A.B. asks: 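Handing you a structure now.
Each chain gets a letter, A, B and so on, in the order its sequence line appears, and its residues count up from 1. Both backbone and side-chain heavy atoms feed into the values below; hydrogens, waters and symmetry mates do not. Here the structure is a predicted model, which means the values were calculated and not measured.
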Amino acid sequence: MSTESKIRVVGIGGAGIRMLSAVESLKIPNILTVAIDTDVECVQNAQAQKKLPLSCDKTLQGTGGNTKLAKESAMQYVQYLAKVARHTRVLVLLSGLGGGTASIIAPIIAKLAQEGTLIISLVAAPMQVEGQSKYSLAKKSFEFLKNKSTISALLENDVLLSSSQDGIEEAFAKANNNVAQTVELLASGFSKSAFLKIDSASLANTFFGRQAYIGCACAQIENITRAFDEIKNSPMMVGMSKAQNMLVAIKCPKSSSMNEIKQILKTARESFAVVDKISYSVCVDANVSEVKILAISSGTQNSTSDDSTEYNTQTEAPTTDSNEASAYTSRERMTLSNQTHPYIEEEENTPQMSSEPKQLVPESEPPTVQKPVEFKPEPKLDTTQAKQKEQMFFEFDERGLFENTPVNERKGVDLDIPAFSRKRIKITLL
Amino acid sequence: MSESQTVAVLEWGTSKIKVLLAEIVDNKKLNIISKSSVDTALAIKKGDIIDVAKTYNKTRDAITSAENNASVNIKNISLAISGTHIKTFRNLGSANISSSDGLVRREDVERAKEDAKRKILEKGRCYIQKICCGYYLDGKFCIDPIGKSASKIDSEYLMIHGDDERIIEMANIIRSAGLEFDDIILSGIASAIAVTTPQQKMNGVLVADIGAGTTDYALIKNGKVLLAGVIPVGGNHITNDLAIGLRLSAKTAESVKVSCGKLNITEEERTKVYWAIGDKQIGDKKILGESVNKIVRARVIELLEFLREDVGEFLVEDGISEVILTGGSANISGICDIASEIFSRPCSKGAFSGDLPKHIRMQSWATSIGMLEHIRTREQKRSSKQTGIFAAIKDIFF
């Protein structure tokens, strides 16, 4: 049995779970996928190794954007969220911010993670037309995540949809696939089999607290320049022209030489005009025929201290038209402030969430934005919905009374884990 | 004038440490004179001693209490043993018949037995019991081979072994309490002795003692123990499942298990809503009868299926004829019906000898009662052997 600790990839909310499905479809070794949502059905249908429905009476079909409900659910399941966040070296959070669930739960998981855990947040931002309140919530969540994560990258739906020639479905599928490939390359960079592993400490020094730009591509070694062009156009790389530092994770065929690695790094430096250092990891995989490259970069000192400058320069981004201006403005807005998350206390000495939501009104925002999104009155449960009250099988290895006893194994099964849980029997809670 | 001998038995259960003191009168009658039980307070989990110091203190308390009740001081004690570290296997030993007439003699039997018992265990393991299951004369099963005709005799032994460190740990606790080991026996076998009649032992019976932390079982046929073992699942697992599944504290889950844990429920009970604590105050919680049933059923059925797997080879036509359930968790309503379905054999709860006092005739005391019965039988055999020798001396000298 492999003793390698698994990278935990957590999909939160509907969008996060869709990203997670793309990750799961790649069948990446040594990762543990976890789907979390307040919408029970969504978790039920998720492709994930572990599922955690945060269901209570009011949140059977999601929170409807109501952050208070999301927080209530989180408080009810805080011990399970802690289990998700803890005892892992690398925690990857995938979510689409702006909704009630992801905007609240993702920061809570990041806060619950142990010190020293390498958190990588890959999050999508809503389109600006979806409303100011949603956008503002996403912004605050992202700011919080940025301050808790070693790497935090943003995938803007505005940019994604406006720059794509594909239909909406294909555009999202491509973006999700991009996220999945990012996870794959990160996993290989952290794996024991990596020839040169990703240096977590250096990663933290380089990217912590700053927005990262991520792109990946695969190509034959002869076409490496084209691969970096592709990386530049990756949805999570938009807004990046000049890099301060860069991490290049390379997965290459067995035949690759050190000279080729050197060439990849040289091309990376030239393509992104990297000012400072390039760190890299190499994983040799006999099953790949092309070189797979993941580039994670931080903006230059100037651009990160004042991102608005950077975004204003991005008018040259592909397929920009007058309508897209709002998209770039939106990214600018996302990175402007360093607000405290509205529902999480920032003080380090508070181990859990505050019992009362902290309504912080940022000066730059109109007061109306702080109101939680109106939640429609809860419809009366019909019989079908009542059936959904059946709580899904909770798939975590909860051992309760036997928590600190040795594994009680029989034919590879730990008998101390509840039988109903292992047999996927649904239990109704009142 | 009748002779009596005081004996003591100790059972280290997962939930309780139990001590029984009894008088064996004329090596025949068992007269229980004292009992005591002390909560283990989590010093023992799944039959394994987790906290040695606490186990020692609790054991000392239980022994002192039993001694005070009966106003006797005990020096030797017999121990019923269980735990996840205990494993069993069956081993065959062979010998060729040495006599020219082809009749099996005692020496042939002894050689076959020695060969069966010779198997060396891996480092860190030690034998707890070696039980003769019977003989095969030229491959044909036989209980008493002496005097029968054959060319080869095989002796089959049930070898019970455990982790030597744990066994030494147990011995140290007993010795620290100022006592000496009298005997040691697997809990499952002790329970089987307590709840079966000689007829059932001949016909073939499987006895499962479902305790708090483990399920100890023994299969007896033709009066011999053919199989025994420990499944590290017991009533505490049901409690734990309820606590996790219904989001209850362990204490509340235990009371829910006792009050509404049923394996077969009616339609009315399925939709019935119970209060977990019952005071309807803050902290109390509504639970659905069906949910409790699903959780308990899942665990019990799984446990019985494991048991069926372990004894599978005896579930044939001429194998065992019935199943008996004992131990505290055998009191769960409907468990015998489920077991009967799973084993396709009649199943009942353990029944005790009518000679025992009523307050002792409880499923949770089956192991201790069985231990006493085992000691009584042993003493009876010892005495009959002595009688035989005395009789022989008498014949010579008088």
A.B. asks: Under a 4.5 Å cut-off applied to non-hydrogen side-chain atoms, are A/N408 and B/H237 in contact?
C.D. replies: yes
A.B. asks: Which atoms of B/I287 are under 4.5 Å from chain A, going by heavy atoms: the side chain, the backbone, both sets, or neither?
C.D. replies: backbone
A.B. asks: Are side-chain heavy atoms of A/L401 and B/K45 found at a separation under 4.5 Å?
C.D. replies: no
A.B. asks: Please flag which part of B/A250 lies under 4.5 Å from any non-hydrogen atom of chain A: side chain, backbone, both or neither.
C.D. replies: side chain
A.B. asks: What closest approach, in Å, do B/A298 and A/I425 show between heavy atoms, and which atom pair accounts for it?
C.D. replies: CB-CD1, 3.7 Å
A.B. asks: Out of curiosity, A/I417 CD1 to B/D241 CG, how far, rounded to the nearest 0.5 Å?
C.D. replies: 10.5 Å
A.B. asks: Between B/E309 and A/R410, is there a side-chain heavy-atom distance shorter than 4.5 Å?
C.D. replies: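 Yes, close enough: below the 4.5 Å cut-off.
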A.B. asks: How far apart are the closest heavy atoms of B/K46 and A/P406, and which atoms are they?
C.D. replies: NZ-O, 3.6 Å
A.B. asks: For A/F420, is the NZ or CZ atom of B/R299 found under 6.0 angstrom from the centre of its six-membered ring and inside 45 degrees of the ring axis?
C.D. replies: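 Negative - B/R299 is either too far from the ring of A/F420 or too far off its axis.
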A.B. asks: Heavy-atom count around B/E169 CD within 6.0 Å, excluding the residue itself: above 12?
C.D. replies: yes
A.B. asks: Is it true that, when you exclude B/E313 itself, more than 12 heavy atoms of the residues, nucleotides or ligands shown sit nearer than 6.0 Å to its CD?
C.D. replies: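 Counting neighbours around CD of B/E313, more than 12 heavy atoms of other residues, nucleotides or ligands fall under 6.0 Å, so yes.
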A.B. asks: Within a radius of less than 6.0 Å around NZ of B/K272, do more than 12 heavy atoms belonging to other residues, nucleotides or ligands occur?
C.D. replies: no
A.B. asks: What part of B/D48 lies closer than 4.5 angstrom to a heavy atom of chain A: side chain, backbone, both or neither?
C.D. replies: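 Interface part for B/D48: neither.
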A.B. asks: Any non-hydrogen side-chain atom of A/D416 less than 4.5 Å from a side-chain atom of B/N240?
C.D. replies: no
A.B. asks: Could you tell me the separation between the CZ atom of A/R399 and the CD1 atom of B/I244, rounded to the nearest 0.5 Å?
C.D. replies: 9.5 Å
A.B. asks: Once you round to the nearest 0.5 Å, how far does OG1 of A/T428 lie from NZ of B/K294?
C.D. replies: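 Between A/T428 OG1 and B/K294 NZ, I get 5.0 Å after rounding to 0.5 Å.
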A.B. asks: Can you confirm whether B/R166 is buried at CZ, in the sense that more than 12 heavy atoms of other residues, nucleotides or ligands lie under 6.0 Å from that atom?
C.D. replies: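 It does: B/R166 CZ has more than 12 such atoms within range.
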A.B. asks: Heavy-atom cut-off 4.5 Å, strictly under: side chain, backbone, both or neither for B/I301 against chain A?
C.D. replies: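 For B/I301, neither part sits under 4.5 Å from chain A.
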